[in-house]
Number of protein chains: 2
Amino acid sequence: MVSEKTIGRLSLYRRLLTELLADDRLNVYSHELASLAGGTAPQVRRDLMAIGYSGSPSKGYDIADLADSISSFLDNPNGTRVILVGVGNLGRAIMSYFKIQRPTLNIVASFDSDPKKIGSDICDRPCCDIAELETKALELDVRMGVIAVPADRAQNVSDKLVTAGITGILNFAPTRLKVPDHVYVEHVDLTTSMEKVAYFVQSGRKSTEPDA
Amino acid sequence: MVSEKTIGRLSLYRRLLTELLADDRLNVYSHELASLAGGTAPQVRRDLMAIGYSGSPSKGYDIADLADSISSFLDNPNGTRVILVGVGNLGRAIMSYFKIQRPTLNIVASFDSDPKKIGSDICDRPCCDIAELETKALELDVRMGVIAVPADRAQNVSDKLVTAGITGILNFAPTRLKVPDHVYVEHVDLTTSMEKVAYFVQSGRKSTEPDA
DNA sequence: ATTAAGCTGTGAACTTTTTCACAGACCATC
DNA sequence: GATGGTCTGTGAAAAAGTTCACAGCTTAAT
Ligand SMILES: NC(=O)c1ccc[n+]([C@@H]2O[C@H](COP(=O)([O-])OP(=O)(O)OC[C@H]3O[C@@H](n4cnc5c(N)ncnc54)[C@H](O)[C@@H]3O)[C@@H](O)[C@H]2O)c1
Ligand SMILES: NC(=O)c1ccc[n+]([C@@H]2O[C@H](COP(=O)([O-])OP(=O)(O)OC[C@H]3O[C@@H](n4cnc5c(N)ncnc54)[C@H](O)[C@@H]3O)[C@@H](O)[C@H]2O)c1
């Protein structure tokens, strides 16, 4: 089984490969990809081994082909439809960023509790009443949700998402969500990230880890 | 030496302890803190052992005292002064969020290249010209920086920060920064986080990791 | 007093992740 | 067609991180 860390790095490799393609590169060696990704060559080779991809000793990896292989491993072939709850400062930043993104990751609607926002379009997507979350989510056939509401509302929103059949949540609220076993949660804790950097600045310690 | 993972969890524990304090709790057991943090009891005890903190077998840990111990381990006693570069959607969200935060983490100024933003105040802090970064950073005596500029500008901004004496960077741009050895970089890669969740949704795999 | 229960601190075992190191493949050049 | 250099794929070793399991302490109840 492919480890969670490898999944994250594959996503990174794919993005780097896309950039290389745009530069008209055709092939890449593990050590080059490693250097771009901030890792080591053996690690790149292990990660690719995990998805059963093979390169050639002379040319390295075929960039376009590898990117395709990673995509067919990572992506849902029908694309992933996403809803976002909490259209505040952060929610809006995310909406605007992923609006322009690849069609495979598609934020199809947002939800809020603020009457001023409900009914309007945020980044070309309808902003709906949080009360309609369950019905709308089923209707839109969505499996993934993003939580960007204040911390004290996050667990409640999470419960609603789970009821609506969501099985993956990206959570920006500084709260550890309690969810059933079949639901995957990724916590993005910006305060902790800030405090970690502050600690390393304060202590004078240098970076040791291959990746955050 | 305290591991990077432990540093991150200590930051989380401190926030949970602060919440418990606000609920007038005085003591907490490792298994309670573990449950709030989404971890295990032995792990909490190991993490606290790493900073040399001891609880009592009968009462567990003294909440206020433990929070203080974590703070004196993590924080610079004079506070950490931070500058942010790139006042776009994301940069503004972060400015507004950390404006209200504890005085120990203080975003003192922002920088941008857009003449419309330069000179104005963003969240009560001056927005300066990126060209002045080096001089202003020295003047403000800042050691930590946040990068929220477009990907193709990130390395250039990073170089400027390093020249200005910054030793810790929180980077939101989807670019792996090249920095000298003494500089600590934390990458927050939201696209990868999204894609990870999408993968787990698509594959039907459940969450296994103790923490993201 | 004595017993019982439930906690912490920690050596040791275990698991996961990363790195090493080298056989085998491939190409370019002589 | 042999030689040398440089790559991949991978078993094995090492390192890092986590969990187990229990001794020892403290309190509460009998
Ligand atoms: N902005 C940041 O940089 C930052 C940093 C760290 C953490 N966070 C966390 O991210 C979350 C969002 O941050 P923000 O700065 O965007 O906050 P915000 O206050 O700007 O936005 C919150 C939004 O959620 C909406 N909302 C409130 N209750 C709701 C409910 N029950 N259902 C649906 N919508 C609801 C509000 O109307 C508002 O639009 C918060 O939990 C915050 O702690 C943000
Ligand atoms: N918004 C998101 O949700 C999101 C998600 C993933 C990644 N990111 C990354 O975060 C970064 C910022 O995202 P955003 O949505 O805020 O973008 P944005 O375009 O809204 O903001 C970028 C800001 O940087 C400024 N800028 C450009 N060049 C500069 C320079 N050389 N020096 C100083 N300032 C400069 C621009 O004037 C603008 O204010 C980008 O790298 C983006 O890829 C953002």
Side-chain angles (χ1 to χ4, degrees), chain A residues 1-13 17 20 25-63 65-66 69-70 73 176 192 196 205-212, chain B residues 1-13 17 20 25-63 65-66 69-70 73 176 192 196 205-212:
Chain A
M1 187 167 65
V2 182
S3 86
E4 200 153 340
K5 290 207 163 150
T6 295
I7 303 292
R9 283 190 300 257
L10 287 170
S11 158
L12 171 59
Y13 299 156
L17 291 168
L20 288 172
R25 290 278 309 265
L26 293 176
N27 301 95
V28 69
Y29 294 121
S30 60
H31 65 87
E32 294 176 294
L33 198 46
S35 153
L36 292 170
T40 67
Q43 184 161 81
V44 168
R45 297 202 297 269
R46 274 254 182 269
D47 288 335
L48 301 189
M49 192 164 78
I51 58 167
Y53 191 85
S54 277
S56 101
S58 47
K59 308 264 186 192
Y61 302 95
D62 179 303
I63 294 179
D65 187 53
L66 175 53
S69 289
I70 295 178
F73 176 79
R176 310 313 272 197
T192 286
K196 261 174 81 170
R205 268 180 63 186
K206 60 151 213 158
S207 190
T208 48
E209 258 197 20
D211 196 283
Chain B
M1 187 166 67
V2 182
S3 84
E4 201 154 338
K5 291 209 162 146
T6 295
I7 304 292
R9 284 191 298 259
L10 287 170
S11 159
L12 171 59
Y13 298 156
L17 291 168
L20 288 171
R25 289 277 310 266
L26 293 176
N27 301 93
V28 70
Y29 294 120
S30 60
H31 65 88
E32 296 176 291
L33 198 47
S35 151
L36 293 170
T40 67
Q43 184 160 78
V44 169
R45 297 202 296 273
R46 275 256 181 267
D47 287 335
L48 301 189
M49 192 164 76
I51 59 167
Y53 191 85
S54 278
S56 102
S58 48
K59 305 268 186 189
Y61 302 96
D62 180 304
I63 294 178
D65 187 52
L66 174 53
S69 288
I70 295 178
F73 176 79
R176 312 310 275 196
T192 286
K196 261 175 82 169
R205 271 180 60 186
K206 59 152 214 158
S207 188
T208 48
E209 259 198 17
D211 196 285

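All values below were derived from every heavy atom in this structure, side-chain atoms included, with hydrogens, water molecules and symmetry-related copies excluded. Here is the naming used below: chain letters follow the sequence lines, and residue numbers restart at 1 for every chain.
At the phosphate of C:dG9, OP1 or OP2 sits under 4.0 Å from a side-chain N or O atom of B:Tyr61.
Interatomic distance, OG of B:Ser54 versus OH of B:Tyr61, reported as 7.5 Å (0.5 Å rounding). To the nearest 0.5 Å, the span separating CG on A:Leu17 from CG on A:Leu66 amounts to 5.0 Å.
When rounded to the nearest whole Å, the span between CG of A:Leu66 and P of D:dC7 equals 17 Å. Whole-Å rounding puts the A:His31 NE2 to D:dT8 C1' distance at 11 Å. Protein atom CG of B:Asp47 is 14 Å distant from nucleotide atom P of C:dT10, rounded to whole Å. B:Leu33 has its CG atom 14 Å from the P atom of C:dC7, to the nearest Å. Between A:Gln43 atom CD and D:dT8 atom P the separation is 15 Å, expressed in whole Å. The distance from atom CZ of A:Arg46 to atom C1' of D:dT8 is 12 Å, rounded to the nearest whole Å. Put simply, CG on A:Asp65 is 16 Å from C1' on D:dT8, counting in whole angstrom units. Here D:dA15 presents its C1' atom at 15 Å from CD of B:Glu4, a figure rounded to the nearest Å.
Between B:Ile63 and the options B:Leu20, B:Leu26, B:Leu33, a side chain to side chain contact (heavy atoms under 4.5 Å, CB included) holds for only B:Leu20.
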Open item on the list: Strictly under 4.0 angstrom, non-hydrogen atoms only: write out the protein contact profile of nucleotides 21-30 of chain C, one letter per nucleotide from the 5' end, B, S or -.
Closed with: B---BSS---
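The residue B:Ser54 sits close only to the backbone: its heavy atoms come under 4.0 Å of sugar-phosphate atoms, none of a base. If you check every strand for non-hydrogen atoms under 4.0 Å, B:Thr6 touches nothing.
When side chains are defined from C-beta on, B:Ile7 does not count as touching A:Thr192, because their heavy atoms never get closer than 4.5 Å.
Of the candidates D:dT19, C:dT10, C:dT17, C:dT10 carries the atom nearest the B:Met49 side chain, counting heavy atoms from C-beta on. Listed candidates were C:dC7, D:dT18, C:dT19. Nearest to the side chain of B:Lys5 is D:dT18.
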- [ ] Could you please spell out the steps behind the side chain to side chain contact (heavy atoms under 4.5 Å, CB included) verdict for B:Asp47 and B:Tyr53?
- [x] CA-CA 9 Å; B:Asp47 287 335; B:Tyr53 191 85; over 6 Å; no
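In terms of the side chain to side chain contact (heavy atoms under 4.5 Å, CB included) criterion, residue partners of B:Ser3 (sequence neighbours excluded) are, by chain and number, B:Lys5, B:Thr6.
The minimum heavy-atom distance linking B:Ser30 with B:Arg45 is given by the pair OG-NH1, 3.2 Å.
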